[in-house]
Amino acid sequence: MHNSQKTIKKEKILTGDRATGQLHLGHFVGSLQQRVELQHDYEQTVLVADLQGLTDNGHNPHKVSSNILNVVADYLAVGIEPEKTTICLQSAIPALSELTMYYSNLVSVARLQRNPTVKSEVSAKSFGRSIPTGFLTYPISQAADITAFRATLIPVGEDQLPMIEQTNEIVRKLNHIAQDDILVECRPLLSKVSRLPSADGKSKMSKSLGNCIFLSSSEKEISKAVKSMYTDPNHLNIEDPGQINGNVVFTYLDAFHSDSVYVDELKGRYQTGGLGDGATKKILEECLQSILKPIRERREMFMSDKAQLIDILRAGSQKAEEESNQVLNRVKCAFGLNLFN
Ligand code: ATP
Ligand code: MG
């Protein structure tokens, strides 16, 4: 290797998923596929966000603890390689919680309440006036996660854009206090499909909304979900012209089918009339079955060796702990709380 190449540092990526359930097709197209590709050229850390999962499950912690290994198995099943990507567990990295504590002094309650994703999730979860403090402040904990690994690129779905904006505000405030660029700003990386809808088309596919096609879904479950998909309610006869916009089957064909020319041809036939919903659903079902079958099988294999999953997570968390402690020390210095250093 040429000398100058040796010194080039790879850009850092941080992404993660709440341990609130198994991963689904929204994760797959929204972020997982990108992670699998990016792990070769970037220094990538993927965080199983169990603490963040607790922010709306404090009274039901089993939901989180029972899903940690599920998420790790999902990562491995889609092709995230622990040799290339650091897979770590949020609650095993104390620096993340400490950073959250420091940053929380730089963010007002009003700013958190204005965060559009927090706002819509608060209303969807019907918290009323009883929003858990941890939930309201989870954007701060996400800022801690991102900055702790000096990540500059964040592959996320659309719902996470306000978190990135809020992270960068914290970075600028902290750097101003430190009078030094101790933290780095980050930018989002949106995939082609940054918000996969649920089968009924009404909302984002989300673990907590119970509307998912999971990476582990069985052949039958996939078939049932595709058959129930929202299409064009006015497309009553095969020969009638049909609408593409808002037609979930076509949204999914765009997201998952490998042959976009063929999908465009189908769209043309559907819009002119002569192509039925049964036929488009059949094409989509075949496509999803062929993508999910190998993933489901690999997933089952990984889930059959839980000790291996724990080892992977432990090793990744130890590496992540070392890295994040360095950033924590610099942040403590910025606040002048480094008496013992
Ligand atoms: P929960 O309902 O518990 O919040 P979730 O299904 O929204 O779970 P998260 O763990 O919150 O999943 O999200 C992890 C990552 O996956 C984020 O980057 C998010 O933007 C992305 N993501 C989640 N759902 C979708 C979706 N339907 N389409 C595209 N990206 C998604
Ligand atoms: Mg979410």
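Numbering starts at 1 and runs along the sequence shown. Both ligands and their constituent atoms are indexed starting at 1 by order of listing.
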Taking the side chain as every heavy atom from C-beta outward, state whether Leu136 and Val118 have any pair of such atoms under 4.5 Å apart. yes
Atom 17 (C) of ligand 1 sits nearest the protein heavy atom Gln160 CG, 3.8 Å
For atom 13 (O) of ligand 1, the closest protein heavy atom turns out to be His27 NE2, 3.7 Å
re atom 14 (C) of ligand 1, the protein heavy-atom contact at minimum distance is Asp17 OD1, 3.1 Å
So the atoms of ligand 1 within less than 4.0 Å of a heavy atom of Gly30 turn out to be 29 (C), 30 (N)
Under 4.0 Å, counting heavy atoms only: does Gly16 come that close to any atom of ligand 1? yes
Restricting to heavy atoms, the pick from Val156, Leu32, Leu25, Asp159 nearest atom 19 (C) of ligand 1 would be Asp159
Heavy-atom proximity to atom 7 (O) of ligand 1, picking from Lys204, Lys207, Lys63, points to Lys204
Any heavy atom of His24 under 4.0 Å from ligand 1? The part involved is side chain
Regarding Lys12 and Thr152, is there a side-chain donor-to-acceptor distance under 3.5 Å anywhere? no
heavy-atom search around atom 11 (O) of ligand 1 in the protein gives Arg18 CD, 3.4 Å
| task | Could you tell me whether some N/O pair between Gly157 and ligand 1 is separated by less than 3.5 angstrom? | result | yes
Query raised in the report: Hey, is ligand 1 close enough to Leu196 that some N/O pair sits below 3.5 Å?
Result: yes
Original post:
Side-chain donor-acceptor pair under 3.5 Å between Tyr103 and Glu98, yes or no?
Top reply: no
Side chains of Ser123 and Lys119: do they bring a donor and an acceptor to under 3.5 Å?
no
Honestly, for Ala49 the part within reach of ligand 1 (heavy atoms, under 4.0 Å) is neither
Those residues at least two apart in sequence (or on a different chain) that pass ring pair (Phe, Tyr, Trp, His ring centres under 6.0 Å) with Tyr102 are Phe335
Check: Is the backbone of His176 close enough, under 3.5 Å, to the side chain of Gln179 for a donor and an acceptor to pair up by distance?
Finding: yes
The closest protein heavy-atom partner of atom 31 (C) of ligand 1 is Gly26 O, 3.7 Å
> Hey, does Ser31 come in under 3.5 Å of ligand 1, counting only N/O atoms on both sides?
Replying inline: no
What about Ser208: any of its N or O atoms under 3.5 Å from an N or O on ligand 1? yes
Across all chains, not counting sequence neighbours, the side chain to side chain donor-acceptor pair (under 3.5 Å) partners of Arg35 are Thr15, Asp17, Ser31
Assess the side chains of Gln166 and Gln142: does a donor N or O sit below 3.5 Å from an acceptor N or O?
no
of all protein heavy atoms, closest to atom 3 (O) of ligand 1 is Thr20 OG1, 2.7 Å
(request) Indicate whether the side chain of Gln243 and that of Asn234 have a donor and an acceptor atom separated by less than 3.5 Å. (result) no
Salt-bridge contact Arg187-Glu11 (side-chain N to carboxylate O under 4.0 Å)
yes
